[in-house]
2 protein chains.
Amino acid sequence: MTLLRENGGRATSTRRLLLTCLFEDASHHTADQLATKVQAINHDVSISTIYRNLYELERLGVVVHAHLGHGAAMYHLASDTHGHLVCEECGMTVEAPDKLFTGLTESVAHEFGFSIDPRHFAVLGRCARCSPNSVIHG
Amino acid sequence: MTLLRENGGRATSTRRLLLTCLFEDASHHTADQLATKVQAINHDVSISTIYRNLYELERLGVVVHAHLGHGAAMYHLASDTHGHLVCEECGMTVEAPDKLFTGLTESVAHEFGFSIDPRHFAVLGRCARCSPNSVIHG
DNA sequence: TTCGATGCAAATAGTTTGCATTCTA
DNA sequence: TAGAATGCAAACTATTTGCATCGAA
């Protein structure tokens with residue numbers, strides 16, 4: 001909130017509520033899920049306000065969003081950034097430590113001068129359960 | 001077309017046209033771009049028919065689509081599959097050889113039992129030109 | 001008392017679907 | 001001529017925007 005005020009923003013009740021929801025459950029939420037949570041307390045909050053506040057909070061570095069395949073973007077606290085592995089079949093999501101991507105990051109940087117951001121878009125695939133080879137694992 | 005017929009499908013003029021467009025320029029196209037190309041010859045073709053045909057062709061293994069970040073999906077011939085590196089800033093796309101991902105694929109398989117598909121969703125980042133470090137390269 | 005924040009509705013992009021009609025096999 | 005394919009419009013999901021109003025500083 002201090003950060004908001006410092007940047008010329010205003011500490012409205014909706015913002016307070018949204019931040020509370022984000023801190024209460026630090027996992028991933030869609031804008032819609034957050035709206036529902038906020039609306040449970042103040043049911044006059046519109047989804048556009050949620051989007052506008054999420055945008056503002058992201059600009060201030062408080063939250064980040066990631067695209068986990070098809071469907072809505074997921075928002076979470078910026079303090080807890082990581083990549084994602086998402087199963088295209090069942091939707092299961094694994095938080096992937098950044099070091100998993102260091103190899104790829106380096107070779108892509110070398111070969112293409114490209115600096116990849118493994119956090120903004122998930123890496124899709126099949127989880128052990130849904131993979132065609134999963135039979136060998138039981 | 002033979003494949004279509006073999007699977008109980010019918011060889012309509014629109015399908016012929018769509019396939020021609022796909023083979024003529026084997027790069028990436030959005031459904032909308034394909035529709036425009038097809039409509040240049042037969043302007044009564046609707047976008048839904050394009051989507052339905054692309055879906056069918058994908059089911060038969062003739063085309064595949066990939067998500068290159070925000071925006072519309074890109075369709076291309078299945079004979080030419082590869083991953084993609086996409087610049088989040090300027091949108092530039094690099095076709096990434098599959099071998100680039102073998103390291104990541106293997107470690108993810110080991111650590112999470114996850115078999116990743118680097119082709120369906122692009123890997124996002126910044127190209128050399130748009131990267132904050134690009135100054136050192138000129 | 002100004003100017004940022006909000007609610008609401010409508011616009012947007014990309015894609016899918018319902019339904020009556022058309023055309024291939 | 002049966003049933004697949006199509007055109008059109010409308011629905012749909014996720015997100016953004018215009019605008020009048022409200023409220024924090």
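Order of the sequence lines fixes the chain letters, A, B, ..., with proteins taken first and strands second; residue numbering starts at 1 for each chain.
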task = Can you sort out which residues in residues 39-50 of chain A have a heavy atom within less than 4.0 Å of DNA chain D? Ascending by number, please.
result = A:S48
query = Are any non-hydrogen side-chain atoms of B:F101 and B:E106 less than 4.5 angstrom apart?
reply = no
task = May I ask you to test the B:Y75-B:L57 pair for a side-chain heavy-atom distance under 4.5 Å?
result = no
remark   = So ring-ring contact (aromatic ring centres under 6.0 Å, His included) across residues 15-38 of chain B, not counting sequence neighbours, yields B:H28-B:H76, B:H28-B:H82, B:H28-B:H84
request  = Could you state the atom-to-atom distance from CD of A:E56 to P of D:dT16 in whole Å?
outcome  = 13 Å
note = In whole angstroms, the gap separating P of D:dG7 from CG of B:L17 amounts to 11 Å
Note, B:L124 side chain near A:D117 side chain (heavy atom, < 4.5 Å) = no
request  = Could you check how far CG of B:L18 sits from P of D:dA5, rounded to whole Å?
outcome  = 13 Å
task = Write down the distance between CG (A:L57) and C1' (C:dA5), rounded to a whole number of angstrom.
result = 13 Å
message = I'd like to know whether B:H65 forms a side-chain contact (heavy atoms from CB on, under 4.5 Å) with B:M74, so could you lay out the CA-CA distance, the side-chain angles of the two residues, the decisive distance to 0.1 Å, and finally the verdict.
response = CA-CA 5 Å; B:H65 76 272; B:M74 308 293 305; over 6 Å; no
query = Below 4.0 angstrom from OP1 or OP2 of D:dT16, is there any side-chain N or O of A:Y51?
reply = no
message = Under 4.0 Å, heavy atoms only, any strand: does A:A73 hit a base, just the sugar-phosphate, or nothing?
response = sugar-phosphate
note = Between the OG1 atom in A:T14 and the CG atom in A:L18, the distance rounded to the nearest 0.5 Å is 8.5 Å
request  = Flag the pair B:H70 / A:F121 as yes when their ring centroid distance falls below 6.0 Å, and as no otherwise.
outcome  = yes
query = To the nearest Å, how far apart are A:Y55 OH and D:dT17 C1'?
reply = 13 Å
message = Rounded at 0.5 Å granularity, tell me how far CG in B:D25 sits from CD in B:Q33.
response = 9.5 Å
ask   = How many Å lie between CG on A:L19 and C1' on C:dA5, as a whole number?
value = 15 Å
inquiry  = Within the structure provided, determine whether B:L104 and A:L100 are in side-chain contact (heavy-atom separation under 4.5 Å).
reply    = yes
ask   = Rounding to a whole Å, what distance do you find between A:R59:CZ and D:dT16:P?
value = 15 Å
task = Specify the separation, in whole Å, of atom CG of B:L54 and atom C1' of C:dT15.
result = 12 Å
remark   = Per-nt protein contacts along nucleotides 19-25 of chain D (heavy atom under 4.0 Å; B base, S backbone sugar-phosphate only, - none) come out as ----BBS
